[in-house]
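Below: one structure, written as C-alpha cells.
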Amino acid sequence: MIASIAWKNIWRNKTRSLVVIIATILGLIGGTFAGAFMFGMIEQRLGAAVDKEVSHIQVHHPSYPENNEIGFAIVNPDSTCRVIAEMEGVKAVSGRTKIMGMIASANSSGGVQIYGINPEEEKKVTSLYQAIPDSCGTYFKTGNKNQIVLGQKLAEKLKVRVRSKIVLRFLDSTGNIVEAAFKISGIYNTYNDMFDDKTVFIRKSDLSVLLGAPAPVHEIAVYLSEPDNYENIQAKIKARFPGLLVQNWKEISPELALIVDVVDQMIYIFLGIILLALAFGIINTMLMAVLERTKELGMLMSIGMNRARVFRMIMLETIWLTTTGGILGMIFSYILIAVFNHTGIDLSIVGRGMEALGYESVVYPSIDLTYYFVLSFMILLTGILSSIYPARKALKIQPAEAIKME
Amino acid sequence: MIVTIAWRNIWRNRRRTLITASSIFLAVFLALIMRSMQIGSYARIIDSIVHSYTGYIQVHKKGYWQEKEINNSFIFNDSLMKRITAVANVKSAVPRLESFALASTGAKTKGVMVTGIVPGLEEKLSDVKKNVIKGSYLYPEDNGVLLAKRIADYLDMKVNDTLVLISQGYHGVSAAGKFPVRGIIHFSSPDLDNTLIYLTLKTAQEFYSAGNLVTSVSVDLENKKRIEKTAKELKSLLNPTRYEVMKWDEILVEMVQHIQADDISGMIMLGILYMIIGFGIFGTVLMMTMERIREFGVMVSLGMQKIKLANLVIIESVLIGLTGTIAGALAAVPLIIYYHYHPIWLGSEFAKSYESYGYEAVINLELPGLYFLNNGLLVLSIVMLAMFFPLRKIFRLNIINALRNKL
C-alpha cells in the first residue's frame, strides 16, 4: 500500500523525477560500459597470453627463472613430459629449449628468445600456429630442415618475408658461438609487440643437430583440459617432481593476474564515485519533495498516519527513484555491452600504442554477471543512504504548524 | 547590487545550495587530483626517457627510422656539427652510434643496445654521467663499457669484470670483443635500465668496423617550447634526401600514443562524472525556478525587466558553481603540492605490473596549472548549459499565470 503510494508520489513532479532517473541511467551506462571496456581488453590480453604464450602451468629447473643459464635444464625431460602428460586433467605438454640469441638478416639484426620446440607437441599446448595468417606461410612444413617461425613485428624490422633466409647466432653451454642459417616458414601476429618482436621458434631436432647433442629442455609447458582446476593439478605435479619448480600462469606472469585485480577495484571505485555524485542529486531532489509537501505531510500525520509510516513512505520514494534509474541503467548497459561485444570497438587510430603494450586494437567489451549483482547492491545502498536525510526531515514536521501553511 | 541580491537569494535555501555546491566540490576535487596525477605521470615518463636518452630532436640518415641498423649510418664530421649547432635555439649536437649486440659472460647471455657516445659531449644532453651508481664514467679514449643496472644484475657483473659482446658490424662483418666494465648506470625507465650499455664512440666504431660513422645525432635545445620551429629549420638546413630530422614525439610514437589513449580514457571518466554533476545542477536550477515562479511573476509585474531577472538567475547559478569549484580547487591544492614533492612509489606488486609495461612505478602529481583553469571553465559551462531551461521559462513568463503560481 505505502509502496504504491510512494511510487505514485514520484510521478507527481515528472520533470524533476525524470532528471534524477536519466542522470542515474546515463551515469550507470557510462560507468558500466567503461568497466566492460577495460575488462574486455584485459580478458583478451589474458586469454592471448595463456593460449599463445604462457599456457596454464610451466615446469622449470628451480634455478632457471632467476638465472636463465643454458645449463639449468630439466634432467630426463622425455620421461618427465610423459608422466605429466598422463596425469588427470592434463591435455598436452610440450618440452621447450629456451636460448637467448641474435637473429640477423641481410638488412638488420636483433636479440631474440629462441624456443626449440617439437611443432606437433607445441600445437596442442599453444594456439600460436593459428596466429599465422594464410598469406604468411605455415607453422613448420614437414620434411624441410632448419625452418623458423617468427613474429610480424620482427619480420618487419628485419625486412624479411616467408622463405627469406636469416641467420641465428647463440652460445652453447660451453660458451662457443653457434651460427646457422634458417628459412622462414611462417610469420605470426599475436598483437603483442613485446612478444612478437622477441620470440622465434625453431625445431628442437634442428637444434640438437647444431649443438651436436640432444637439445636441453628448460621449460615444460602444460595445457590443461580443466583450466579452472589448475591449482590442484599444479600441486599434483609438484608432489610427483619435488626437485622441479612448478608454476601456474598467475605465478609466471604476476603482472597479468595483478592487473585483473587492479582493474576490478578501479571499476568499483569509479562506480562508487558515480553513485556518490548521484546521491547528491537524489538527496537534493527528495529534500525538495519533502519541503514542498510540508503541508500535505502535516495533514497526513494529523489525520492519523504515524511517523514510522511517513518515514517509510519517503524512504520508499527515494528507493523507487534510485532503483528505477538503476534497473533501467543496468538493462541499457547490458544491451549496449552485448551489441558492442558482438561488433567490437576498433581502436586502430591509437592501435599502435595499444599493441605495443600487448593489447589487441579491436576491443570486445564484456563484464561478469557478478558485476551486476554487486552493482544492484551498491545502487540499493545508495538509495537507502540518500533516503535517510530527507526522511528524517519529514519526521521533524510539526503537524499543527504544517497544516497552517499556505 | 544585483550580485548581492543573488548571493542572498542562494542562501535563502541554505541546504539546497550546500548540497549542490558540495556535489560540484566533490567533482572538481576528484577531477583535479586525477588530472594532476595523469599530467604529472606523463611528464615524468617523457622526462625519464627524453632526458636520460633520446634528446629532443634527432638527426639520422634518411631511412634509418624505418630500418634501424648499422648500415643506415652517416659520416659525422666537424663541418656537419658546425652547421647543426649554428641553427638558432640549438644548444648542442651529440653524435651516437647505436646498434644491437649480445652481451655475454659465458654462461649467461642477454640482448642489449650498444650506444657509442663521446664522453665530454654526451653529458651536455643526457644524464648518463649523473646516473653512474658504481665505478666511474667513461673517459675519452676509454675502451671500457658502462652497463645498465638490470643488465649487470642479470649477468652478475661487477665493476672491472670483463664483458663479451657479439654482434654484426657494418656491411655484415662479424663483430666480437671483450670489454672491461668501468661502471654501472641506473636509469629510472625500466626499459632503458634493461637494455642500454655504453661504449665510447670510438670503441663502438671499431667494434662495429664502422669507420667514423654514426647512426644518430641528438640535438639539445635552449628553449624546449620552440622545438617545432627548430625542427623545421634543421629540416630545411639538411638535405632531405640524405637526412631525416625527428622530434622526440615522433621517435617515441608508441609511448605518445599510449599516453594519449590513457589521457582520453581519463577524460571519458571525468566526462561521465561531470555529466552527473550537470544533471544535479540542472535539477537544482529547475526546482529553484519552479518554486519561485510566483516571485518572478510579482517582480515582473512590479516592473522588473525580464532581462534583469534572467541576469539575476544566471548570477545565482554561477555563484553556486563558483563556490563549489573554488572550494574544490582550494582543497586539492595542498594535496597536490605535497605529493608533487613526495611522489608516491607504488608497492612491489604494483611496481612489477607497471614496469612490465616499461614505466617507472611512481605516481607523480603535476603542480596546479592550466588544467585548473580548464576544469573550472568546464564546470562553469555546465552551469550555463543547465541555465537554458529556467531562462526559457523567464522569457516566456505569463504574469497572470505566474501570480497564480502556475507555469
Side-chain angles (χ1 to χ4, degrees), chain A residues 13 15-16 19-20 22-23 26-27 30-31 34 38 67-71 99-102 104 106-112 157 159 169-171 173 175 177 193 198 253-256 258-259 262 270 273-274 276-278 280-281 283-285 287-288 291-292 347 350-354 356-357, chain B residues 13 15-16 19-20 22-23 26-27 30 67-69 71 99-102 104 106-112 154 156 166-168 172 176 253-261 264-265 268-269 271-273 275-280 282-284 286-287 290-291 349-350 352-357:
Chain A
N13 191 332
T15 331
R16 190 169 63 197
V19 169
V20 174
I22 292 173
L26 291 180
M38 286 196 282
N67 222 335
N68 305 11
E69 280 182 33
I70 190 163
I99 303 178
M100 279 300 297
M102 218 177 102
N107 288 301
S108 181
S109 60
V112 286
K157 193 168 98 181
K159 294 198 72 179
R169 207 175 288 166
F170 53 87
L171 299 176
S173 51
I177 299 177
D193 284 355
K198 291 210 163 54
S253 310
E255 70 282 355
L256 279 180
L258 183 76
I259 240 182
V262 171
F270 183 52
I273 293 172
I274 288 179
L276 185 63
L278 281 171
F280 278 100
I283 292 174
N284 227 345
T285 306
L287 199 64
M288 258 338 87
L291 293 181
E292 72 178 21
L347 293 177
V350 289
R352 281 248 61 90
M354 304 279 284
L357 295 174
Chain B
N13 193 329
R15 251 178 227 104
R16 185 171 53 204
I19 293 174
T20 313
S22 45
S23 75
L26 176 84
L30 288 172
E67 296 162 55
K68 269 170 253 161
E69 39 119 357
N71 295 343
S99 189
F100 175 81
L102 281 183
S104 174
K108 276 193 266 183
T109 309
K110 187 170 171 64
V112 294
Y154 179 86
D156 235 340
I166 304 154
S167 186
Q168 182 170 318
V253 110
E254 283 168 0
M255 198 180 83
V256 170
Q257 279 187 343
H258 178 234
I259 286 179
Q260 276 170 354
I264 290 170
S265 73
I268 290 174
M269 298 248 171
I272 296 170
L273 189 62
M275 182 195 69
I276 296 167
I277 300 303
F279 273 94
F282 178 67
T284 312
L286 182 77
M287 288 183 270
M290 298 293 220
E291 68 175 26
E349 280 192 34
F350 278 106
K352 258 187 210 157
S353 168
Y354 255 69
E355 289 179 359
S356 73
Y357 291 102

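In what follows, every chain begins at residue 1, and chains take the letters A, B, ... in the order their sequences are listed.
- One finds the CE atom of A:Met288 at 7.5 Å from the CD1 atom of B:Ile19 (value rounded to the nearest 0.5 Å).
- For a residue to count as touching a neighbouring chain, one of its non-hydrogen atoms must lie under 4.5 Å from one of that chain's; by this rule B:Ile166 touches chain A with backbone and side chain alike.
- Of the two parts of A:Leu287, only the side chain, counted from C-beta on, holds a non-hydrogen atom closer than 4.5 Å to a non-hydrogen atom of chain B.
- In this structure, B:Phe279 and A:Ile22 have side chains that are in contact, with non-hydrogen atoms separated by less than 4.5 Å.
- Here the shortest heavy-atom pairing between A:Met38 and B:Met269 reads CE-CE, 3.7 Å.
- Listed options A:Leu26, A:Ile99, A:Ile283, A:Thr285 were ranked by heavy-atom pairs under 4.5 angstrom with chain B; first place goes to A:Leu26.
- Proximity of A:Leu171 to B:Leu102: side-chain heavy atoms (C-beta onward) are nowhere separated by under 4.5 Å.
- Highest contact tally toward chain A, considering only B:Leu273, B:Ile259, B:Ile277, B:Ile272, is held by B:Ile272 [criterion: heavy-atom pairs under 4.5 Å].
- Of the two parts of B:Leu286, only the side chain, counted from C-beta on, holds a non-hydrogen atom closer than 4.5 Å to a non-hydrogen atom of chain A.
- For chain A, the nearby part of B:Met275 is the side chain; its heavy atoms alone come within less than 4.5 Å.
- For a residue to count as touching a neighbouring chain, one of its non-hydrogen atoms must lie under 4.5 Å from one of that chain's; by this rule B:Asn13 touches chain A with the side chain only.
- For A:Ile177, the part lying under 4.5 angstrom from a heavy atom of chain B is the side chain only.
- Ranked by heavy-atom pairs under 4.5 Å with chain B, the first of A:Gly281, A:Gly101, A:Gly110, A:Gly31 is A:Gly110.
- By number of non-hydrogen pairs under 4.5 angstrom with chain A, the leading residue of B:Ser265, B:Gly278, B:Gly111, B:Ser167 is B:Ser167.
- Interface residue A:Lys159: only side-chain heavy atoms are found under 4.5 Å from chain B.
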